[in-house]
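Working notes for the structure below.
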Protein chains: 2
Amino acid sequence: MIQAAPIDTVMRTLADPTRRAVFERIVRSDEITVVELTRGSGVTQSAVSQHLRSLKQAGLIVDRAQGRNVFYSAEPKGLAPLFDWMSHYAVFWRDRFAGLETLLKEIDP
Amino acid sequence: MIQAAPIDTVMRTLADPTRRAVFERIVRSDEITVVELTRGSGVTQSAVSQHLRSLKQAGLIVDRAQGRNVFYSAEPKGLAPLFDWMSHYAVFWRDRFAGLETLLKEIDP
DNA sequence: CCTATACATTAGTATTCACTAATATATTAG
DNA sequence: CTAATATATTAGTGAATACTAATGTATAGG
C-alpha cells in the first residue's frame, strides 16, 4: 500500500534538480533500470540509488525486482499532493488554470 | 519587470515549509505586511524577511512600499513554471487533471 | 529632535543534504 | 564454483541553507 506523502515530502523530494531529472526520466520511460538511469545522470550509481529511495519514500515511484534488475516506474498517485496543493490555490490563478484547461481539452476532448 | 524564474528556483523556494507557509499566507490575504506575517510564523522577523526576499527573487510575490510598511502580495505569474512543469506530464496523470478540470468548471463556468 | 516602529541586511552557527568511495548482497554467466 | 553484473547501503565530507542575534536604514509620532 502506498502511503500518501504530505505536500512537504513531495516538494522537498522534487526540489533537487538531479533527483527531479531522475524522476522525469522514469516518467517518460514506461519502466527503467538503475543502470539505465545512472547512465547519463552525471552522478554515481550510489547517488542514483539514494535518489530512488527518496522518490520511493515520497510515493512518486514504485519498483519491481526481476533477477538482478530492479525496474522503476512512476506512481500516478504520487503527484496528487502537488495537484491538490495547487488546486487549493486555483482560484487565485484563474487565468493560468484557464490556459491549462485549454490544454486539457486538447488532450481529452 | 518580473523575470520568469526557472522551475528549479520555484521548486527550491517552495520546498521549505516555513517559506511555503509564508507564501500561502500572502496568497490568502490580498496584501499583508511583514509584521503581520511574522506574527504567528514561529520565526523571527529577520527570518521572515529573508524568506520574502527568496520568494520575491523567485517571482512568486511582489512588494509595495508605503511609509514604513511594505505590503506583499502574490504574483499570479509566479507559479507558472510549476503549472508548466506539471502540464508537461499531464498526459501521464490524465485522471488527476480531469478532476482538476471539473474544479475549474466550477470556478469559471 | 527624539524615540518608537517597520523592515532589511549582515555575520555567525548548526543542521540538512547531496555526493563519492567503499562495501555488502544477490543474481546470472561461464 | 567463480567471476561479473545489478543494486543497495554505509560512512564520511563539503556545500547549501535556515535560523538567530545584532545592526542598519528609513519613516512616523509626540
Side-chain angles (χ1 to χ4, degrees), chain A residues 2 5-26 29-75, chain B residues 2 5-26 29-75:
Chain A
I2 295 137
I7 180 66
D8 192 40
T9 304
V10 174
M11 284 270 195
R12 238 184 225 298
T13 303
L14 292 175
D16 181 71
T18 307
R19 186 162 48 232
R20 194 171 60 252
V22 169
F23 175 68
E24 288 173 5
R25 251 180 104 185
I26 295 174
S29 60
D30 187 43
E31 274 194 330
I32 188 166
T33 65
V34 181
V35 169
E36 286 181 86
L37 282 170
T38 303
R39 170 191 306 239
S41 71
V43 292
T44 56
Q45 175 263 319
S46 175
V48 171
S49 273
Q50 291 175 61
H51 284 312
L52 289 170
R53 180 168 53 179
S54 296
L55 289 165
K56 187 180 171 183
Q57 283 179 341
L60 290 164
I61 59 174
V62 292
D63 62 336
R64 176 180 70 86
Q66 180 181 7
R68 35 180 189 184
N69 293 313
V70 177
F71 292 87
Y72 283 91
S73 55
E75 170 57 51
Chain B
I2 293 136
I7 181 65
D8 192 40
T9 304
V10 173
M11 285 269 195
R12 223 188 255 291
T13 303
L14 292 175
D16 182 70
T18 308
R19 187 162 47 232
R20 193 171 60 252
V22 169
F23 175 68
E24 288 172 4
R25 251 180 104 187
I26 295 173
S29 60
D30 187 43
E31 273 193 330
I32 188 167
T33 64
V34 181
V35 169
E36 285 181 86
L37 283 170
T38 302
R39 169 191 307 239
S41 71
V43 292
T44 56
Q45 174 263 318
S46 174
V48 172
S49 273
Q50 292 174 61
H51 284 311
L52 290 171
R53 180 168 52 179
S54 297
L55 289 166
K56 188 179 171 184
Q57 283 178 341
L60 290 164
I61 58 173
V62 290
D63 62 336
R64 176 179 69 87
Q66 180 181 9
R68 19 173 207 191
N69 294 314
V70 177
F71 292 88
Y72 283 91
S73 55
E75 169 58 48

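The model shown is predicted, which means the values in this text are computed figures rather than measured ones. Below, read A as the first sequence line, B as the second, and so on, with proteins coming before strands; counting in each chain starts at 1. Values below: all heavy atoms of this structure, side chains included; hydrogens, waters and symmetry mates excluded.
- Distance from the side chain of B:Thr44 is smallest for D:dT20 among the nucleotides D:dT20, D:dC19, D:dA8.
- Side chain of B:Arg19 to backbone of B:Leu55: no donor-acceptor contact under 3.5 angstrom is found.
- Between B:Ser49 and A:Val43, it is B:Ser49 whose nearest contact on DNA chain C lies nearer the 5' terminus.
- Here B:Asn69 reaches the OP1 or OP2 of C:dC7: one of its side-chain N or O atoms lies under 4.0 Å away.
- When all heavy atoms of B:Pro17 and A:Asp8 are compared, the closest pair comes out as CG-OD1, 3.2 Å.
- With A:Arg20 contributing its side chain and A:Leu14 its backbone, the two residues share a donor-acceptor pair below 3.5 Å.
- Between the CE atom of A:Met11 and the P atom of C:dT16 there is a distance of 21 Å, rounded to whole Å.
- When the shell of 6.0 Å around CZ of B:Arg64 is examined, it contains more than 12 heavy atoms from other residues, nucleotides or ligands.
- Distance from the side chain of B:Arg53 is smallest for C:dT10 among the nucleotides C:dA18, C:dA6, C:dT10.
- Between the CG atom of A:Leu37 and the P atom of D:dT7 there is a distance of 9 Å, given to the nearest Å.
- In this entry the distance linking NE2 of A:His51 with C1' of D:dA8 reads 15 Å, nearest Å.
- Residues B:Gly40 and B:Arg25 come closest through the heavy atom pair C-NH1, 4.4 Å.
- Between the CG atom of A:Asp63 and the P atom of C:dA26 there is a distance of 16 Å, given to the nearest Å.
- Atoms CZ (B:Arg12) and C1' (D:dA18) sit 14 Å apart, rounded to a whole Å.
- Residue B:Ser46 places its side chain closer to D:dA21 than to any other of D:dT9, D:dA21, D:dA8.
- Summarising the geometry, the separation between OH on B:Tyr72 and P on C:dC7 is reported as 8 Å, rounded to the nearest angstrom.
- Rounded to whole Å, the distance from CD on B:Gln50 to C1' on C:dT9 is 8 Å.
- Taking atom CD of A:Glu36 as the reference point, atom P of D:dT7 lies 9 Å away to the nearest angstrom.
- Among the heavy atoms of the strands, none lies under 4.0 Å from A:Phe71.
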